[in-house]
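A short write-up of the structure that comes next.
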Amino acid sequence: MLTPFETVSENVFVARDARLHLNVGLVVGSERALLVDSGAGPESAQRIWDEAREVTELPIVVVNTHAHFDHTFGNARLKALGVEEFWAHPGIAAALEREDAGERKAAVAVDPSAAEGSPDAEVLVPNRLVPVSDAGTVKPTELDLGGVTASLFFLGRGHTDHDLLVGCGSVLFAGDLVEESGDPHFADSHPDEWIRTLGKITALEDLYETVIPGHGRPMRMDAVKVERATMRQAVRVTRTAMNEASTDLTKAVPILPYGPTQSRALLTRLRELAEWTWLEGYRRQPDAAGRG
Ligand SMILES: [Zn+2]
């Protein structure tokens, strides 16, 4: 179900898992290679490993773009196969620890070997986290693979609160910040910041010619610009519907530019975030909180 790794540009390869249109990246230097994401479970990871071994015999390190099952649940198998370094944004640990039954269920639906208690099915939290400055800024990290450098960097919250991007040469692996084969997934997202983060990605168009989305075919920056404009419109429409308090919010769903599932997910997420913001403000008022 996993395609062989195909060349995207010099030293950079991508394989696609047909079940989720999931992209797995491979960057090969003269000393080691980097896998971008680890698949939905042990068997998926095994196939990724086997295909990577068709390209290179060098030691392999892994970067997880974010915590979702299809990008991380293969970690434990890759460790069993000899991978020692797993890179990610520091926020991934909390996200993996919050891992709910839903993520596991979704993983098993795609990769039955991910069932709880199966060999190498445990969640493995990355052991190399990109550094954060005292001011809380995530510092870009360069991984020297031997004559080839992969840059790991964070441009702001979006699909999750810890989306890490991986740049190499003219290719940018964007994780699920960018999707080609379907609608963006909003469940854990920060939609307003996502729009800004997509803006920062498109500002890199002189650096990166090709964007590898989390799911779907390779894209040009123009397509990322379209994704951003669509999201901006969707957030605007949803918020307008939310502000018309008496309106049945589900009426907004048909006029959104996404399918019903992600339209509802966006609506739910914007409501959640609005409630949190309200609660946050409430807690800051000593009288209102009754705590003097
Ligand atoms: Zn995701």
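Residue numbers run from 1 in the order of the sequence given. Whatever order the structure lists them in is the order used to number ligands and atoms, beginning at 1.
- With no hydrogens or angles considered, a side-chain donor-acceptor pair links Ser44 and Arg19 at under 3.5 Å.
- Legend: protein N/O/S atoms lying under 2.8 Å from the Zn ion (ligand 1), waters omitted, number 4.
- Classification of Lys79 and Glu84 as a salt-bridged pair fails, no side-chain N sitting under 4.0 Å from a carboxylate O.
- Ring centroids of His215 and His71 are separated by less than 6.0 Å, placing the two rings close together.
- In this structure, the ring of His66 has its center no less than 6.0 angstrom from the ring center of His89.
- With Val36 as the fixed residue, the side chain to side chain contact (heavy atoms under 4.5 Å, CB included) test singles out one of Phe13, Phe173, Trp87: Phe173.
- For His68 and His159, the ring centers are positioned less than 6.0 Å apart.
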